[in-house]
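Computed over heavy atoms, backbone and side chain alike; hydrogens, waters and symmetry mates excluded. Below, chain A is the first sequence line, B the second, and so on; all start at residue 1.
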Protein chains: 2
Amino acid sequence: MFHPACPSSAMPIRVGDKWSAMVILCLEQGPRRFSELRIPLRAPTPKVLTQTLRALERDGLITRTVYAEVPARVEYELTALGHTLLELIAAGRRWAEEHMPTLLAARDAYESHNTGTG
Amino acid sequence: MFHPACPSSAMPIRVGDKWSAMVILCLEQGPRRFSELRIPLRAPTPKVLTQTLRALERDGLITRTVYAEVPARVEYELTALGHTLLELIAAGRRWAEEHMPTLLAARDAYESHNTGTG
DNA sequence: CAGCATCCAAATCGATACTG
DNA sequence: CAGTATCGATTTGGATGCTG
């Protein structure tokens, strides 16, 4: 799903920063907890995830709900505005599925200038 | 068109780096010269523009044609692959036109927490 | 479990100066 | 005109350690 080869490595489309699009995608199927987002995203540090989450919350794309339980529980969920972004991300993924091989081939051919012939 | 308020300031959608999408947009109506890209883009330094152009060329999104004239002339033009990206960028712009006011309003409301009430 | 504070590395953007 | 080379400021992502 979010393995290093697929997304932001070569993907020419971004939504904001490096993680925003992936967070939104993770939230597509429903609310997720802080730790639940760290695993699939491979976001090693909570700081970066917090930054991303805060920025998303600031822009009204997600909501942050705190449950007063003993092990503190916080859930993040997409807003209506956040859902509209899903379509755009899907469009980006469709483009990638269709044209990324061509782009990668072109990139590979371009790199050959330095290592292959020259 | 490319005034500081519109594009990457608040725009949550990017194509690659800060300038790639704008370069592609500038090339939509036909080939453009190096200097012709610097004016509308407000890319102050040739270095940054060159980097963007090279990356785009590397990915097969644009072509670079050099004309052996006395004042050297170089033209950049969108490839077929580059054209496919136009649709995606257009989708991003449509999203921005429709939802950006909502996003900005949410952001503004969020900022009020710090300056207004607290 | 969720989040913050501090320090650090890397990428990016940018200004100045110079060449064919 | 088009592009390169060098240096600096800003931004971003990341690692470690600590708190409620």
Could Glu75(A) and Arg73(A) be called an ion pair, given the rule that one side-chain N must be under 4.0 Å from one carboxylate O?
yes

Which residue lies toward the 5' end of DNA chain C, Pro46(A) or Pro71(A), if each is placed at its nearest nucleotide?
Pro71(A)

Between Arg73(A) and Lys47(B), which is nearer to the 5' end of DNA chain C once each is assigned its nearest nucleotide?
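Final value for this comparison: Arg73(A).
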
Please check if atom CD in Glu69(B) has more than 12 non-hydrogen atoms from other residues, nucleotides or ligands closer than 6.0 Å.
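It does: Glu69(B) CD has more than 12 such atoms within range.
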
Looking at every strand, decide which applies to [X] at a 4.0 Å heavy-atom threshold: base, sugar-phosphate, or nothing.
| X | result |
| --- | --- |
| Val48(A) | base |
| Tyr67(B) | nothing |
| Ser35(A) | sugar-phosphate |
| Arg38(A) | nothing |
| Thr45(A) | base |
| Arg64(B) | sugar-phosphate |

Out of dG14(C), dG20(C), dG13(D), whichever nucleotide has its closest atom nearest the side chain of Ala72(B):
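Out of dG14(C), dG20(C), dG13(D), the nucleotide with an atom closest to Ala72(B)'s side chain is dG20(C).
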
As an exercise, state the distance from CG of Leu86(B) to CG of Leu61(B), rounded to the nearest 0.5 Å.
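Here the rounded value is 10.0 Å.
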
